[in-house]
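The structure under discussion appears below in the form of structure tokens.
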Amino acid sequence: MIVEKNSSEIKRENGFIVFEGVNGCGKSTARKTAARLLAEMNISAVETFEPGSGTLGGILRPLILGEKAAWRSPIAELLLFGADRAGHVTEVIKPALEENHIVLCDRYYYSTVAFQGYGRGVDLSLIKTVNDSAVAGVVPDLVLLFDLDPLIGLKRTLRRAPSESGDDSFEKEDLAFHNRIRSGYLELARTALERFVIIDASRELQVVEDAVIKVLEHYLR
Ligand code: TMP
């Protein structure tokens, strides 16, 4: 929805913005920057993330991100992320959008395409079926892709305090897996250029933060 604020300024007051990228790319920090910017502009925002938001997500997150287990397979992963997302959309995202908040979401269905599709090799058309069912038409208006060499990202995750990230077995996968994910994201961005903004996340934190603010200010105008 576009709301006229005053005669000279048009402001968008709701919308769905997603933050994506390889592990350690800085998207969670960027989401916080975005939330701060919106608060300064008196625009109400809901910050959320996948996997693990909402009632079902809270149960699923430790299971999905935990250490390797006998049940784990690429298909089981796909379906668990799908279940997490279906619950998240129904319980958190859709109600927030209906109440005219801006939703800032750390990872969404692109993560499943990148990680389970390009990373694990699950058939992309099967992923599309699961994703489409889970999101029920709730698609983002804007996707910020934080592009980074996974080697740098993984080094950053090692420097993080354990409590910041919790357990994440994906971070222990080999570099080839993470390189496939990065390529997958770039391929996704190429096929949906109208929705994606690629941000070079290898730069200094402040430079990346400024880039995020610039993109958001443009989007909100
Ligand atoms: P986080 O590090 O951003 O909290 O994300 C949790 C992990 O889950 C991260 O390693 C990426 C992975 N993931 C998938 O493999 N598929 C998905 O659909 C999502 C949302 C996350």
Side-chain angles (χ1 to χ4, degrees), residues 16-32 34 47-54 56-69 71-89 92-93 103-124 126-135 138-140 143-148 150-185 188 201:
F16 184 14
I17 304 174
V18 167
F19 298 77
E20 289 280 3
V22 297
N23 297 83
C25 66
K27 63 184 168 39
S28 309
T29 307
R31 188 192 79 201
K32 287 181 199 134
E47 282 187 81
T48 189
F49 59 92
E50 291 191 356
S53 298
L56 179 60
I59 298 165
L60 292 180
R61 184 173 169 101
L63 194 67
I64 309 179
L65 300 186
E67 290 303 320
K68 286 206 184 321
W71 60 262
R72 194 173 274 279
S73 69
I75 296 294
E77 259 178 31
L78 166 66
L79 297 174
L80 286 172
F81 281 113
D84 173 80
R85 184 159 305 125
H88 187 203
V89 168
V92 181
I93 300 176
V103 174
L104 303 171
C105 187
D106 194 328
R107 298 198 180 283
Y108 199 46
Y109 58 78
Y110 303 102
S111 284
T112 311
V113 179
F115 281 75
Q116 281 62 54
Y118 287 86
R120 297 275 197 237
V122 177
D123 178 49
L124 292 180
L126 177 58
I127 291 183
K128 184 171 176 353
T129 303
V130 173
N131 274 342
D132 287 351
S133 315
V135 306
V138 180
V139 295
V143 183
L144 301 185
L145 172 58
F146 294 84
D147 181 51
L148 183 67
L151 191 57
I152 301 173
L154 291 172
K155 281 186 185 154
R156 285 185 188 169
T157 63
L158 291 177
R159 285 200 300 268
R160 262 195 322 232
S163 57
E164 277 179 63
S165 56
D167 271 349
D168 183 349
S169 57
F170 289 93
E171 290 173 1
K172 301 192 180 104
E173 295 289 341
D174 64 18
L175 192 57
F177 173 78
H178 292 282
N179 281 328
R180 287 198 298 279
I181 289 164
R182 183 192 194 184
S183 311
Y185 271 126
L188 270 169

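FYI, the numbering just counts along the sequence from 1. Counting starts at 1 for both ligands and their atoms, following the listed order.
Here L65 has side-chain heavy atoms under 4.0 Å from ligand 1, and that is the only part of it that gets that close. The side chain of N23, and not its backbone, has at least one atom closer than 4.0 Å to an atom of ligand 1 (non-hydrogen atoms only; side chain from C-beta on). Only the side chain of Q116 comes within contact range of ligand 1, with a heavy atom under 4.0 Å; no backbone atom does.
The D168 neighbourhood of ligand 1 comprises atoms 2 (O), 6 (C), 7 (C), 9 (C), 10 (O), with distances under 4.0 Å to a heavy atom of that residue. Counting atoms of ligand 1 from 1 in the listed order, those under 4.0 Å from a heavy atom of K27 are 3 (O). For ligand 1, the atoms lying closer than 4.0 Å to a non-hydrogen atom of T112 are 17 (C), 18 (O). Residue R61 has at least one heavy-atom neighbour below 4.0 Å for each of these atoms of ligand 1: 4 (O).
A donor-acceptor pair is defined here as one N or O able to donate and one able to accept, closer than 3.5 Å; no such pair exists between the side chain of T157 and the backbone of G24. Of the possible polar contacts, none joining the T48 side chain to the C105 backbone as a donor-acceptor pair under 3.5 Å is found. A side-chain donor-acceptor contact under 3.5 Å links H178 to the backbone of F170. Listed for the R107 side chain is a donor-acceptor partner under 3.5 Å among the backbone atoms of G21. In terms of modelled atom types and a separation under 3.5 Å, the side chain of R120 and the main chain of E77 share no donor-acceptor contact.
In terms of polar-atom proximity, E171 is not counted as a contact of ligand 1, lacking any N or O under 3.5 Å from an N or O of the ligand. Polar contact check, Y108 against ligand 1: no nitrogen or oxygen pair lies under 3.5 Å apart. Any N or O atom pair closer than 3.5 Å counts here, and R85 shares at least one such pair with ligand 1.
By the 4.0 Å N-to-carboxylate-O rule, D84 lies too far from R61 to be salt-bridged with it. Here R156 does not pair with E171 in a salt bridge; the nearest charged N to carboxylate O distance is not below 4.0 Å.
For the residues F49, F81, F115, the heavy atom positioned nearest atom 21 (C) of ligand 1 is part of F81.
Outside the 6.0 Å centre-distance limit, the rings of Y185 and Y118 are not counted as a close aromatic pair.
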